[in-house]
Amino acid sequence: WEYTKYGLANLYSLETLNLANNRLTGTIEYPPLYNLHSLTRFDVSGNQISGEANALVAPSLKHADLSNNYFTSMHFDMYKVSPLQSLRFCDVSNNVIQEDASYIFNNIPTNIVQFVASKNEIFGSLPVWLNKLPQLRQFDMSSNALSGELPDFADSILSLQELDLSNQNQTNGFTGSIPEDLSKFQSLKILNLADNKLACTIPPAIGNMAVLQVLDLSNNLLISAIPAELGLLAGTLKRLDLSNNALTGTIPSQLGQLQGASILLEGNLFHKSSSVILEGNHRFHNHLAAPLSLCMLHRGGVEEFDLAANVSLCPPARNDLSDFYDSAKGAEWTDGSLWQDEYASYCNWKGVTCDEMSCVTKLNLTNNGLSGRLSESI
């Protein structure tokens with residue numbers, strides 16, 4: 001950088017400066033660049049530059065990419081910069097920035113659209129005045145050392161499409177609850193709050209986020225039941241990851257409506273809840289099962305369910321009997337009581353008898369209107 005700075009300062013008509021993916025070292029001296037009034041795109045990514053990263057290197061700059069370097073600090077220096085605040089894109093990811101978040105966001109241009117600062121060592125809490133960025137669409141601060149509670153996001157940033165605050169340092173991480181007003185982000189497509197210390201429950205209002213494609217709340221401390229309202233995300237949601245929390249209760253059958261989605265719920269406490277089933281003189285102790293519609297992936301529902309092989313939540317015998325129901329045209333049976341119930345024990349299905357270990361010992365469906373064929377599983 002030392003050998004290039006003064007020559008660049010004389011290129012007054014320069015509009016794009018792209019020095020990405022080279023071996024530039026040293027620090028950037030920004031004053032020589034302040035006279036580049038036509039510069040709109042500045043890219044020094046993929047080098048070995050250190051020192052301070054300043055995203056406002058020229059008065060008309062719209063795009064600043066300082067990612068994949070060795071910058072240790074970062075700020076928005078307003079010196080000699082146009083009050084029009086033209087900057088729209090800023091990427092300082094994959095550096096070693098060790099700075100308080102409140103200092104970094106001081107003087108951030110209010111018209112910024114994309115801000116990416118993932119994979120650094122930024123600490124502290126997010127300032128509440130982030131809601132003064134009305135055009136913000138992408139905000140990625142993943143893989144840092146942020147802490148404190150998530151700020152209440154006001155109505156002024158409803159244009160947000162991606163919010164990624166995941167994977168904060170294990171000794172830090174966001175705490176408290178997930179703000180209810182996140183549901184106001186009707187343009188949000190990606191919400192990733194994984195790998196933090198968020199507690200309390202999942203806000204049911206998240207189900208009202210009309211275009212949400214990815215919801216990742218994994219590796220937190222969330223409790224209670226999964227809200228059935230998440231089923232309202234059918235048609236848009238492609239990935240739901242609630243794994244490794246402390247969620248309990250019944251897995252809502254509405255999740256089976258998320259056609260084409262991957263549903264990840266491993267590492268929760270669903271299997272700790274159990275129910276007692278009485279049939280005749282037999283007493284069955286059966287774990288609360290996942291809904292039948294989630295366990296039967298081949299029916300064209302969800303793309304992936306990570307608990308489908310869990311024999312406590314998705315008993316293989318129930319899957320086999322359900323296959324038999326489909327093959328033998330169960331919808332036309334004279335009596336198919338409970339055969340399509342999402343949660344009823346298969347031992348209570350019409351014509352099914354089990355022993356005390358919940359193993360099927362008898363299947364009697366005589367004079368019941370069966371047709372079709374016998375499934376391989378039966």
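Keep in mind that the numbers below use all heavy atoms, side chains included, and drop hydrogens, waters and symmetry copies.
For the pair P291/I251, a side-chain contact is recorded, criterion being any heavy-atom separation below 4.5 Å from C-beta on. L292 is not listed as a side-chain neighbour of D341, based on a closest heavy-atom distance of 4.5 Å or more. Contact of the L17 side chain with the V57 side chain is not registered, since no non-hydrogen atoms from C-beta on lie closer than 4.5 Å. In this structure, I378 and D323 have side chains that are not in contact, with every pair of non-hydrogen atoms separated by 4.5 Å or more. Looking at heavy atoms from C-beta onward, E121 lies out of side-chain contact with F123 at the 4.5 angstrom threshold. Two residues are said to be in side-chain contact when any heavy atoms from C-beta on lie closer than 4.5 Å; N106 and H75 fail this criterion. In this structure, the side chains of V352 and L338 stay at 4.5 Å or more apart for every pair of heavy atoms. The closest side-chain heavy-atom distance from D91 to S45 is not below 4.5 Å.
L321 and L374 fall within the same hydrophobic cluster, where Ile, Leu, Val, Met, Phe, Trp and Tyr residues are linked whenever their side-chain heavy atoms come under 4.5 Å apart, directly or through other members. One hydrophobic cluster, built from ILVMFWY side chains closer than 4.5 Å, holds both L11 and I28. Under the 4.5 Å side-chain heavy-atom criterion for grouping Ile, Leu, Val, Met, Phe, Trp and Tyr, V116 is not connected to I108 through any hydrophobic cluster. A single hydrophobic cluster is seen to contain both L182 and L242, as judged by linkage of ILVMFWY side chains at heavy-atom distances under 4.5 Å, directly or through other members. L87 and Y34 fall within a single hydrophobic cluster, where Ile, Leu, Val, Met, Phe, Trp and Tyr side chains are chained together by heavy-atom contacts under 4.5 Å.
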Inset, instruction - Go through the steps for C354 and C359 under the test disulfide bond (SG atoms under 2.5 Å apart), then give the verdict. - result: CA-CA 5 Å; C354 298; C359 295; over 6 Å; no
Inset, instruction - Determine, step by step, whether N220 and F174 satisfy the side chain to side chain contact (heavy atoms under 4.5 Å, CB included) criterion, reporting the C-alpha distance in whole Å, the side-chain angles of both residues, the deciding distance to 0.1 Å, and the verdict. - result: CA-CA 9 Å; N220 278 286; F174 291 104; over 6 Å; no
Inset, instruction - Could you go through the side chain to side chain contact (heavy atoms under 4.5 Å, CB included) check for L191 and L212 one step at a time? - result: CA-CA 8 Å; L191 175 57; L212 194 64; 4.1 Å; yes
Legend entry - Pair R88-N111, side chain to side chain contact (heavy atoms under 4.5 Å, CB included): steps then yes or no: CA-CA 6 Å; R88 299 292 183 270; N111 292 330; 3.4 Å; yes
Inset, instruction - Please assess L198 against L217 for the test side chain to side chain contact (heavy atoms under 4.5 Å, CB included), listing each intermediate value before the final yes or no. - result: CA-CA 9 Å; L198 297 170; L217 305 177; 5.6 Å; no
Legend entry - From CA spacing to verdict: ring pair (Phe, Tyr, Trp, His ring centres under 6.0 Å), F324, Y346: CA-CA 12 Å; F324 167 67; Y346 56 88; over 10 Å; no
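N319 approaches M296 most closely through the heavy-atom pair OD1-SD, 3.3 Å. Contact record, P227 with P252: O-CG, 4.2 Å, taken as the closest heavy-atom pair. A pairwise comparison of heavy atoms in L193 and I178 identifies CD1-CG2, 4.3 Å as the closest pair. Shown here for N22 and N47, the closest heavy-atom pair between the two residues is C-OD1, 2.9 Å. Annotation for P203 and P179: closest pair CG-O, 4.4 Å, computed over non-hydrogen atoms. Residues S159 and L136 approach most closely at OG-O, 3.0 Å, considering heavy atoms.
Between the CG atom in N245 and the CG atom in N268 there is a gap of 5.5 Å [rounded to 0.5 Å]. Rounding to the nearest 0.5 Å places CD1 of I226 at 9.5 Å from OG1 of T248. Put simply, CG on N69 and CD1 on I49 are 4.5 Å apart, with the number rounded to the nearest 0.5 Å. To the nearest 0.5 Å, atom OG of residue S93 and atom CG of residue D65 are 7.0 Å apart. A distance of 9.0 Å separates CG in N95 from CD1 in I122, rounded to the nearest 0.5 Å. Taken to the nearest 0.5 Å, the CD atom of E266 stands 9.0 Å off from the CZ atom of F305.
Within the 3.5 Å criterion, the main-chain N or O of E15 finds a donor-acceptor partner in the side chain of T40. With hydrogens and angles ignored, the 3.5 Å screen pairs no side-chain donor or acceptor of N144 with any backbone N or O of L146. Without hydrogens or angle criteria, Q138 side chain to F89 main chain gives no donor-acceptor distance under 3.5 Å. Counting only distance, with no hydrogens or angles, the side chain of N196 and the backbone of A194 share a donor-acceptor pair below 3.5 Å. With hydrogens and angles ignored, the 3.5 Å screen pairs no side-chain donor or acceptor of N368 with any backbone N or O of L370. When atom types are taken as modelled, the side chain of N219 and the backbone of S166 share no donor-acceptor pair closer than 3.5 angstrom. In this structure, the side chain of N94 does not engage the main chain of S67 through any donor-acceptor pair within 3.5 Å. Judged purely by atom type and a 3.5 angstrom limit, S38 has no side-chain atom pairing as donor or acceptor with the backbone of L14. Proximity of a side-chain donor or acceptor of Q254 to a complementary backbone N or O of A228 within less than 3.5 Å is not detected.
Residue Q48 is tested with N68, T25, L24 for a side-chain contact (heavy atoms from CB on, under 4.5 Å); the sole match is T25.
Looking at E52 and T27, their side chains never bring a donor and an acceptor atom within 3.5 Å of each other. Neither side chain, N244 nor S218, offers a donor N or O lying under 3.5 Å from an acceptor on the other. If you check the side chains of D100 and S102, you find a donor sitting under 3.5 Å from an acceptor.
For residues 304-322, no residue pair satisfies the salt bridge (Lys or Arg N to Asp or Glu O under 4.0 Å) rule, not counting sequence neighbours.
Between C295 and C314, the two SG sulfurs come within 2.5 Å of each other, short of that mark.
Relative ring orientation between W349 and W339 is described as tilted, the plane-to-plane angle lying within the 30° to 60° band. Ring planes of F76 and F115: tilted class, angle from 30 to 60°.
Heavy-atom contacts from other residues, nucleotides or ligands closer than 6.0 Å to CG of N367 number 12 or fewer.
Under the 4.0 Å criterion applied to side-chain N and carboxylate O atoms, D241 and R239 are assigned as salt-bridge partners.
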